[in-house]
Structures are given as C-alpha cells and as structure tokens.
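Since the structure comes first, as structure tokens, the remarks are kept for the end.
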Amino acid sequence: ECECCANSSLNMMEVDTAMAAATAQMASAPSAISDVVAALEQHGVLGVWTQLYIVRLRERVVDELFPQFMQAAAAEENADDESNGEEPPLAVAARTVATELSEVRASVCHFDSVAGTTLAEQVDDVVESEFLHASHTSARQGCIAQFEKGMQDFCQLYDLAQEDDELEVLFSRGLAELHPPANEKAATIVARLRAFHQFAQNLRRVGLFDLLVNTADFRQLLHGVVCRRVADSCESVFDEVFVPALSHWLDAVVGGWLALIESDGSNVEQPAVTAKRVAELQRMAQEELCKLRIRELFDIIVDFPDSLPAIQDLRTCLTTAEQRALLLSSLRAAFCKRLLHPGADTHNILTQYILAIKALRELDPSGVILEVVCRPVRAYLQSREDTVRSIVRSLVDDSNTELSSELAEGKPIDMPDSDMSSDEEGDDEWNPDPVDADPTSSRSQRTGDITSVLINIYGSKELFVKEYRLLLSERLLALNDYDVDKEARYLELLKLRFGEEHMTQCDVMLKDISDSKRISARIHEELGTPADAAIMAATGDLRIFILSRLFWPQLKGEDTLQLPASVQKSLDTFTAKFEQLKAARTLDFKSHLGLVDLELTLDSGVVVDFSVPPSVATIMFHFEEKPEWNLEQLSNVMKVPTSTVQKRITFWIRSGLIQATAPGEYVLDERGYVERSASSSGAAEVDEEDEAEGEDEEAVLYWQFIQGMLSNHSSLALDKIHTFLGLFVEGGVTVNEQGLKKLLSSKVDAGLLVLTQGEYGLPVE
C-alpha cells in the first residue's frame, strides 16, 4: 500500500481497479479521457498511473511488438529474392507496429492536453530508446536493407524512364499519379516502390523514420550509392567530363528517391531537408571523383591530351588542402614506382615528363603541382648519362612535334634568375602563389615553355650546347653529300634559343662541310697527270670532308685502322694536292669514318652493291687478296683489335659471302649468299653509329651467356650482368651498360626475362 493510496483511504485493489478502468477507457473511448483524468485525480493516483502506463507500454513494445518487427527485419536483411510487388514481411510488421503505436500516441496526446502530463514524450522516448538499443542493430540494418532495395528499384526505374516517355511522369508528378506501366518490368518495380513508400510512411507514423535517416547506417547507405555510381560511370573513362552528369544524376535519382520517402508520394518536390542532403551528396560525389582521378592520374597523364576532360573534372573537384596533399604524394609515388626505374628507357621517361608538364599545367596553371610532383623525375633524369643527348635529339627531331614546334618559335631559354621578383614586376593580374610553392623558385621557371623546363633540369646551357656539337658532328659525318641546309636551319633556331655566342664552333663545322665541297672539286680539277688520275681512279668517286680539328669534337673509333694500299695511295695523293693548295697545312685522315660504296661481282656474274663503313669494306678487300684468314691475321694487317674484327666480319657472314670454318677461322665462300630484299638500289646499309647488323649477331652471343648466368643465379642487376659478360666473352664486351639495357629490355618485352626491383631473372615456368 503506497502513501498516496493510504492518504486517499483506498486499498491497493481499489486503486488498481480504478487504474485498469482508466486504461480501458484510454483505449476504447478516447472521448472520455476527461472523465478518466478526473477519476484518477479524485483518487490521487494520476502520477502513479502515468508511470505504470509507461512501464506496461514498454513491456508491450519490448515483449510483443518489437520482437515481431525485429524478426521480420532480420529476415529482410538476409533476403536476396525480389518480390513481385507483394508487401514484404518487414513492411507488414512495420504497419502492425505503426497502427497500434499511432492509436496509443493519439490517445496519450489527448490525455496530455487534458491532464497537463508528458505521456506523448515518454512514449516517443520508449520507442526511440528501444529502436536505438544495441540489441536491436539487426532491426535497423533490416530497415536499411529495405531502403537499399528501394533505392535500387528507383535507379532501375530511372534508367527505364530514359527510354520510355510513359515513365517520365514519375519524375514530374509523383508516384501516386503513376498508373501501372505497360512495361512488365517497370510495372513490377513500381509495385515494389509503392510498397516501399508505404513502409517508409509506417516508420514515419511511429517516429522511427527520422531516427533511421539520422543513423550512421543510413548515411553509409547514401555514401555507398554515391561511390558505386562514381566507380561504375567514371572509372578508367578519361575522355568525358562527369561532374555535370553526376550532379544531374544525384539531383534526379537520389534527390527524387529522398523526396519520395519523405513525402506522401503525390509530388516529387524536394523538401528543404532533402535539398540539404542532396547538396551534401553533391559534395561527397566530387570528393569521391577527386579520389578516383588522383589514383588514376598517372594513366591520365599517359593518355593526355585525349584525357583532358578527366583533368578538367579533377580541377573542379580539387578544392581542399588535404586533397592537394593527397595528389602530390600519390602522383610522386606513382612516378617513382612506374617510371623511375632502370627498366624504363630515357626517351620514354622524357616523353612521360613532357606529357606531365602539359597535363599538370592544365590542372594547376601556377605550376606548383608540377614543380613538387616532378622533382624526383628531374633528379632521376639528371642522374642518367643519356638524358642530355635524348633532349638534344628531340629538339632537332622533326617527329617530336612538341619540342620542334617550340624550337621554331625562337624564344630564348628561361634560365634561373637570382632576382626572384623580376618576373612578377609589371604583372597587372598577379596572384599570390599557393602555400605549397617553393619560395626559392620563380613563377617564370614554373610556367616557362617545355624546352626551358627540360634545359633547366641541369640549370646550364653549356651541357646542351656541347651535346649538340657531338650530335651535329655525327649528323654531318653521316651525310652522303655536302647538303647542310637542314642542319643550318636547326642551327639558326638553336642560336635564338641558346644565344649566338654559344654556337660559334657549330658555325665553323657547317662551314667546313661547305668548304670541303669547293676544295674537293678544285683538287679533282688539278689532278692533271695521267698517273695521278690512275691513282685516284682506284677509289672511284672520292668525296672528302675536311674538318678544322680545333673546332670539332674528338672523333672516337678505330683511329688505327690501316686501309688497303690502293685506297691509302689515293688519300696520299689527295693530301699532296691539298698541301700545294693550302700552304703550311696538311690532312690527317680518319680512316675509320665515312662510308664506302662497294660493287662486288660474284663468280656467278651477279653484281651486288653494299654501302658499309671503311672497316667492313677493308675486310672484303683483304679476302679479295686471299680467300682464307683468321682473326689474328686480320687484326695484324688492319691494325685493329681482334674484337673489332670479329664484330665487323659478322656483316659478311650474315650476307653469306664469308663462312666461319672454325672458331676464329674464315673463308670466302659465296655459295652461302642469299640475295636479301632491300631498297630499290639493292644496297644493304650499315649504320656506323648503331652498327645494327653487326650487333645483331653480337646480341645473340650475349644472350646465350646471359641465359647461362641467370640459370645459376636467381636474378642479377644490370651492372653485374655487364661485369660477368666482360669476364666470359672472348675479346671482352664491346657494348656499354645502356646498350646492354636495351637488349635486356627487349627480352623483357618478349617475355623471355622478368624485371623485379631492378634485377633481371628468367621467368618461372
């Protein structure tokens, strides 16, 4: 017996009877609530009854209503089969709970208005606390699963509506206005959407809807929808701009779906809360697209300029300092992993660097991202021996349209300047640099043309001028005539780039070739005696390049080569005439340079033409004297190492005119000759620089040794392989590490080798 009951002179049974009658009145006759309140107040048990009412309601919710709901929700979470528009068990359970709790809430709201109590708030607290209780996680996840299916149905219907005008009414007038579509698939989806909409309304009636859409599970659902859309539509597609399309899809589909579940279905106008959620999803979609494009940025650069739309999307989405930092670290790591390794050719690295310059300037016109990201690329290129050569070759290569077009513009090279502010003076549209800009670099350095950026890898013009002199000497010495117009054009353009004062020696080199034509013509005119003419006839049409020794780079090669006597006599005669023409000056012939046109008449009467270096021609001259030679004999008579003879004689072996009878023993035997398909002139040319024909046979020899050493070692680095070849190959290895790397790279491309962390190995079968 409680204190309030004792004060009212009632025993507990009477109080309980009165309270039971009040509860029955609440459920059966809400209009009599005033009488109920009066009776409870009369007995002084209004407070006790409200407390017991909430206790019993909680018991009803926990023991009867929610278990049915939880069981249906758990089944829904694990359900995979699609319904045909029938109301799912979870929706039925939700409707049952909604119906009963709605009636209860209507009664207690009336009770509160009469008695001044807060029963309605307490009822809401009961529902909320039970729904959010940790033990009811499956219920929430089951509801989320139902919401996810509803979203999938809405997306499918949207896709169908793009091809069916009948379905567009859903997205203009609402679900309630949509008649069953003629399309069977669409009709099934619409039926499921109507059931889903009713399910959402039942959740709203009992206050569960707002609780649900504010949970982390619901936010994760929307995040997953956005991520899947970005991945499915944008991943690896670089030739389209996706930001406007994503924005439209989110507004039409996700926004339409949110409006559907938050409205009564009669219209699709977005409530304010829906518009706010859609705006947040727009931001989320751009963040996901930004992350995707950052992960793909290396491939985007490879595909530039076709991938320009992807760069434009990234520029739109790149809005925060965190995203910018992620881009810098991610792209730098991609460059180091996929580009800056020994297996990558220098030319390919330069090509990728040029594409990065163009792409990243589209992304960030200030050049700061380019400067920070490509710092390892510049450092790696600087460490490679052939970088300067590759850059110079690209400058004077007509096939490299980017650099050659810049060279034609004639702009001077932008070199680093100690006055870092000079490039900003007079700039009416000056803007401050981003906070991650290097304070030691100027904007002109970051935004200069591509040629200037490449030259500034070393910060000096002299290296490139020196390399150009070497390249120019090779190109001039490879000429078959005295035409230097093309090289003169390039030289004039390079003068505009590097300054005329740096190109004086190159001017002399071109002048030497032009003067050689005039001097050679005059000497041939002055060969008046029959004896002189007979001597010169032994070499046919002799064309000489007369070079000024002090102005040309040092010429490398077999400078000790001893030419055949008849050829040497012709050169001595030419020298004597030159000394008569140019007093106090003489000629020192570089016998290993140049090109010899040979016409060989075989025993069968077949005439074969070859265009070969002097060393290769000299070998055939000696075989004309006697048909059998060994390496040592040829080396002695030609005054060159045996390794050089072995390399040069390979050309004639491959041509089928000389046969190897034993190691180091050779015989002239034209029976093995098979006429090769060649140009219209029938000439088989050998490039003195690349020595392609000779090196093919040499490469076969190297490859045999490499296979043997890798059979005994799991993997070896490039320098180790080069060292072992030098020890095992007879006569030593004649190819440098860069040449060996090209051979190994070709084997990697062919699948005969694998390259792992800078070491080469045989593939595992």
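Atom set for the values below is all heavy atoms of this structure, side chains included, hydrogens, waters and symmetry mates excluded.
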Side chain proximity check, L494 to F464, heavy atoms < 4.5 angstrom:
no
With L600 as partner, the option from L657, V607, V606 fulfilling side chain to side chain contact (heavy atoms under 4.5 Å, CB included) is L657
Might you confirm whether atom NZ of K495 has over 12 heavy atoms from other residues, nucleotides or ligands at distances under 6.0 Å?
yes
Could you tell me whether the side chain of T387 and the main chain of S383 form a donor-acceptor pair under 3.5 Å?
no
Measure from the side-chain N and O atoms of T618 to the backbone N and O of P614, and report whether any donor-acceptor pair falls under 3.5 Å.
yes
V612 and L595, any side-chain heavy atoms less than 4.5 Å apart
no
More than 12 heavy atoms from other groups under 6.0 Å of CD on E501
yes
Taking all non-hydrogen atoms of both residues, which atom of T346 and which atom of S390 are closest, and how far apart?
CG2-OG, 3.7 Å
Which residues pass the side chain to side chain contact (heavy atoms under 4.5 Å, CB included) test with Q633, not counting sequence neighbours?
K626, W629, N630
What one should report as the nearest heavy-atom pair of F545 and L476 is CE1-O, 3.2 Å
Can you give me the closest heavy-atom contact between L755 and V748, atom names plus distance?
CB-CG2, 4.3 Å
Steps toward salt bridge (Lys or Arg N to Asp or Glu O under 4.0 Å) verdict (R393, E474)
CA-CA 11 Å; R393 285 185 178 275; E474 294 172 4; 3.1 Å; yes
Determine whether M620 and I658 make a side-chain contact, defined as any pair of heavy atoms from C-beta on separated by less than 4.5 Å.
yes
Side chain to side chain contact (heavy atoms under 4.5 Å, CB included) between V596 and S611: does it pass, once the steps are laid out?
CA-CA 6 Å; V596 180; S611 184; over 6 Å; no
Which value, rounded to the nearest 0.5 Å, describes the distance between L472 atom CG and W552 atom CH2?
6.5 Å
Would you say E500 has more than 12 foreign heavy atoms packed within less than 6.0 Å of its CD?
no
If you measure from the Lys or Arg side-chain nitrogens to the Asp or Glu carboxylate oxygens, is any gap between R475 and E487 under 4.0 Å?
yes
As a quick check of understanding, evaluate side chain to side chain contact (heavy atoms under 4.5 Å, CB included) for N456 and R378, giving each step before the final call.
CA-CA 9 Å; N456 282 328; R378 293 191 295 272; over 6 Å; no
Inter-residue atom distance C506.SG - L491.CG, 0.5 Å rounding
5.5 Å
Fit a plane to each ring of F610 and F651, take the angle between them on a 0 to 90° scale, and name the class: parallel (under 30°), tilted (30 to 60°) or perpendicular (over 60°).
perpendicular
Do L561 and L563 come within less than 4.5 Å of each other through their side chains, counting heavy atoms only?
yes
Spell out, as yes or no, whether a donor-acceptor pair under 3.5 Å connects the side chain of D483 to the backbone of D485.
yes
Start with the C-alpha distance between R389 and D386, add both sets of side-chain angles, then the distance that settles salt bridge (Lys or Arg N to Asp or Glu O under 4.0 Å), and finish with yes or no.
CA-CA 5 Å; R389 187 177 188 84; D386 58 342; over 6 Å; no
From I706 atom CD1 to L753 atom CG, the distance as rounded to the nearest 0.5 Å
7.5 Å
Out of curiosity, L350 CG to I457 CD1, how far, rounded to the nearest 0.5 Å?
6.5 Å
Taking only Lys NZ, Arg NE, NH1 and NH2, and the carboxylate oxygens of Asp or Glu, determine whether R497 and E492 approach each other closer than 4.0 Å.
no
Using modelled atom types only, decide if a donor and an acceptor are shared between the side chain of S520 and the backbone of K517 within a distance under 3.5 Å.
no
If only side-chain N and O atoms count, and only distance matters, is there a donor-acceptor pair under 3.5 Å linking D572 with Q568?
yes
Contacts of D299 that satisfy side chain to side chain donor-acceptor pair (under 3.5 Å) - sequence neighbours left out
R338
Looking at side-chain heavy atoms only, is the closest gap between T575 and F589 below 4.5 Å?
yes
Side chain to side chain contact (heavy atoms under 4.5 Å, CB included) for L634 and H622? Distances and angles first, verdict last.
CA-CA 8 Å; L634 286 172; H622 291 303; 4.2 Å; yes
Where R469 and M509 come nearest, the two heavy atoms and their spacing:
O-CE, 3.5 Å
Without swapping roles, check the side chain of S516 against the backbone of D512 for a donor-acceptor pair under 3.5 Å.
yes
Separation between OG (S307) and CD (E362), nearest 0.5 Å, reads 10.0 Å
Heavy-atom distance under 4.5 Å between the side chains of I311 and L297, does that happen here?
yes
Do the side chains of L331 and I301 get nearer than 4.5 Å, heavy atoms only?
yes
If you look at every heavy atom in L370 and A356, which pair is closest and at what distance?
CD1-O, 4.1 Å
Within the distance-only criterion (no hydrogens, no angle test), does the side chain of W652 pair as donor or acceptor with the backbone N or O of Q659 below 3.5 angstrom?
no
Just wondering, more than 12 heavy atoms not from E579 lying within 6.0 Å of its CD?
yes
Would R518 and D515 count as a side chain to side chain contact (heavy atoms under 4.5 Å, CB included) here? Give the steps.
CA-CA 5 Å; R518 176 178 53 81; D515 290 347; 3.7 Å; yes
Could you check whether any side-chain heavy atom of F551 comes within less than 4.5 Å of a side-chain heavy atom of D507, counting everything from C-beta outward?
no
What is the distance from atom SG of C374 to atom CD of Q352, rounded to the nearest 0.5 Å?
9.0 Å
Is there a donor-acceptor contact under 3.5 Å from the side chain of S473 to the main chain of P553?
no
Shortest non-hydrogen pair, I450 vs R361, comes out as N-NH1, 4.4 Å
